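Following: one structure in structure tokens, then a few remarks.
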Amino acid sequence: MADEKVIENYDPEVILEVRNLRKTFPLKKTITGKVTQELVAVDDVSFSLKAGETLGIVGESGCGKTTLGRAILKLHQPTGGRIIFEGQDITDFNSKQMREIRKKMQIIFQDPYSSLPPRDTVGGILSEPVEVHKIVPKHEVKSYVLDLMDKCGLRDYYFERYPHEFSGGQRQRICIARALSVNPKLVICDEPVSALDVSIQAQIINLLKKLQNEMGLTYVFISHDLSVVKYISDKIGVMYLGSMVEFGTKEDIFSRPLHPYTQALFSAIPHPDPDVKMNRIILKGDIPSPANPPKGCRFHTRCPHAMDICKEEAPEYKDYGNGHCAACHLL
């Protein structure tokens, strides 16, 4: 293992800190391999998360939420910035160094069907990571897996069944059990309920909250459903075109959204009372291409409050009290 880098201004209560994270993908290269055009998927994102908390990441499709989650896990190698996990800078770790970290950081994918191997039984799917990482002695693996299945609401006779024999909600429970099989501390939940029926969504969300309380888990919960994020999250980060435009506690974000994009997102949340008139903010135009983002503030092409400075100069990401940060010239 390489020597640990000295982390400046590190808070021991923080399990995950992301500093100025950036991830780009090359689109065009010259014959010599020089990149001439790139897609900016994640641009200068920073936040910190304490152990046991849930961070909700929201934004429209294509804003970079999933890429951010995968970059944190180093499924995508970051282009720039730092990832600090439990006081250790893992940004430049190679695959061998990451092997030990993999036990502590796991992911639940969006599609429970395509993320499960179709030719393996539930027992085989859940036993493999336990055996590979030597979580328990070999003779205890089956009892360990059966106990884990019970925690996730799976019957013991599912052990010999295959993924295609289950419904979407049951398959997602298998995916959750697989992620938790190595006793992780941080779990990236990449839209884990978006492919499920509303009634099943509630069951899965309640299961995630129950497991978090029992196992002391920390979640990064990626979703475009604001009502789900409000229910499960302690902190919320709002992303637009690869950038974090607002970040804060759930209470601050919902009671006092600062950024015009956040305000527009929240205005679209349906109200249970049909007689309540909603002041819906309609955003005009389409999201610009991340391969050719607009100059200045990236949101200015759709912002109802855009000024001249917004078209020329990118706003500074500032803290407006209690860790409630936003990037907007109006503020």
Side-chain angles (χ1 to χ4, degrees), residues 15-16 49 51-57 65-76 83 85-86 90 98-118 120-136 141-142 144-154 158-159 161-163 166-196 200-201 203-223 228-229 232-233:
I15 188 171
L16 174 69
L49 191 58
E53 288 185 330
T54 299
L55 168 63
I57 303 288
K65 305 188 296 293
T66 295
T67 306
L68 173 64
R70 288 173 177 246
I72 291 169
L73 290 171
K74 284 173 62 66
L75 298 177
H76 293 317
I83 302 164
F85 180 70
E86 292 190 318
I90 64 169
M98 280 301 296
R99 187 181 175 92
E100 193 62 30
I101 303 293
R102 291 268 174 247
K103 288 194 291 187
K104 301 178 182 180
M105 305 168 77
Q106 285 291 308
I107 185 169
I108 301 167
F109 292 101
Q110 180 175 359
D111 185 352
Y113 191 69
S114 62
S115 62
L116 293 172
D120 206 352
T121 62
V122 171
I125 290 168
L126 300 182
S127 298
E128 185 179 4
V130 178
E131 291 171 352
V132 168
H133 290 285
K134 298 179 174 64
I135 304 299
V136 294
V141 169
K142 185 169 182 178
Y144 176 87
V145 169
L146 288 172
D147 181 55
L148 180 65
M149 289 171 63
D150 182 56
K151 280 183 180 177
C152 295
L154 296 165
Y158 292 172
F159 193 88
R161 291 190 180 180
Y162 291 85
F166 297 96
S167 66
Q170 289 171 321
R171 281 198 290 261
Q172 196 59 286
R173 287 175 186 269
I174 297 167
C175 292
I176 292 169
R178 180 177 61 177
L180 302 184
S181 62
V182 291
N183 288 325
K185 295 184 178 179
L186 173 71
V187 180
I188 308 287
C189 305
D190 184 11
E191 304 209 29
V193 296
S194 63
L196 307 176
I200 305 300
Q201 285 185 13
Q203 292 178 22
I204 298 298
I205 293 296
N206 287 330
L207 173 65
L208 288 170
K209 288 196 73 136
K210 178 176 83 78
L211 291 168
Q212 183 176 34
N213 292 331
E214 289 176 358
M215 303 176 70
L217 300 168
T218 305
Y219 291 144
V220 175
F221 192 90
I222 297 166
S223 179
V228 169
V229 168
I232 199 170
S233 302

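Worth saying up front: this structure is predicted, and the values here are computed from it rather than measured.
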Determine whether a donor-acceptor pair (N or O, by modelled atom type, separation under 3.5 Å) exists between the side chain of [X] and the backbone of [Y].
X	Y	answer
Tyr219	Lys209	no
Thr121	Tyr162	no
Glu131	Val141	no
Ser127	Gly124	no

Would you check if [X] and [Y] make a side-chain contact, meaning some heavy-atom pair closer than 4.5 Å?
X	Y	value
Leu68	Val220	no
Ile125	Pro163	yes
Val132	Arg99	yes
Gln106	Pro129	no
Phe221	Leu55	no
Leu217	Leu208	no
Leu126	Val122	yes
Ile108	Gln172	yes

Atom CD of Glu128: over 12 foreign heavy atoms under 6.0 Å:
no
Neighbour count >12 (heavy atoms, 6.0 Å) for atom NZ, Lys210:
yes
Quick check for you: to the nearest 0.5 Å, what is the distance between [X] atom [atom1] and [Y] atom [atom2]?
X	Y	atom1	atom2	value
Met98	Ile101	CE	CD1	6.0 Å
Gln170	Ile204	CD	CD1	9.5 Å
Ile200	Ser167	CD1	OG	6.5 Å
Cys189	Ile57	SG	CD1	11.5 Å
Arg102	His133	CZ	NE2	9.0 Å

Listing request: all side-chain hydrogen bond (donor to acceptor under 3.5 Å, both in side chains) pairs with a residue in residues 185-196, at least two apart in sequence or in separate chains.
Thr66-Asp190, Glu86-Lys185, Gln110-Ser194, Glu191-His224
Run the side-chain contact (heavy atoms from CB on, under 4.5 Å) test on Met105 and Ile90 for me, step by step, so that the C-alpha distance in whole Å, both residues' side-chain angles and the decisive distance to 0.1 Å come before the verdict.
CA-CA 12 Å; Met105 305 168 77; Ile90 64 169; 4.0 Å; yes
In sequence, state the C-alpha distance, the side-chain angles, and the governing distance for Thr67 and His76, and then conclude on side-chain contact (heavy atoms from CB on, under 4.5 Å).
CA-CA 7 Å; Thr67 306; His76 293 317; 4.0 Å; yes
With sequence neighbours excluded, residues passing ring pair (Phe, Tyr, Trp, His ring centres under 6.0 Å) with Phe166
Tyr158
Side-chain polar contacts of residues 145-154 - donor-acceptor pairs under 3.5 angstrom, sequence neighbours left out - could you list them?
none

Exactly one of Thr218, Leu186, Ile188 clears side-chain contact (heavy atoms from CB on, under 4.5 Å) with Leu16, and that residue is Leu186
Non-hydrogen atoms of [X] and [Y] that approach each other most closely:
X	Y	value
Gly168	Pro112	O-CG, 3.9 Å
Ala179	Pro184	O-CG, 3.3 Å
Val229	Ser223	CG2-CB, 3.7 Å

Residues Lys103, Asn183; criterion side-chain contact (heavy atoms from CB on, under 4.5 Å); working and verdict
CA-CA 7 Å; Lys103 288 194 291 187; Asn183 288 325; over 6 Å; no
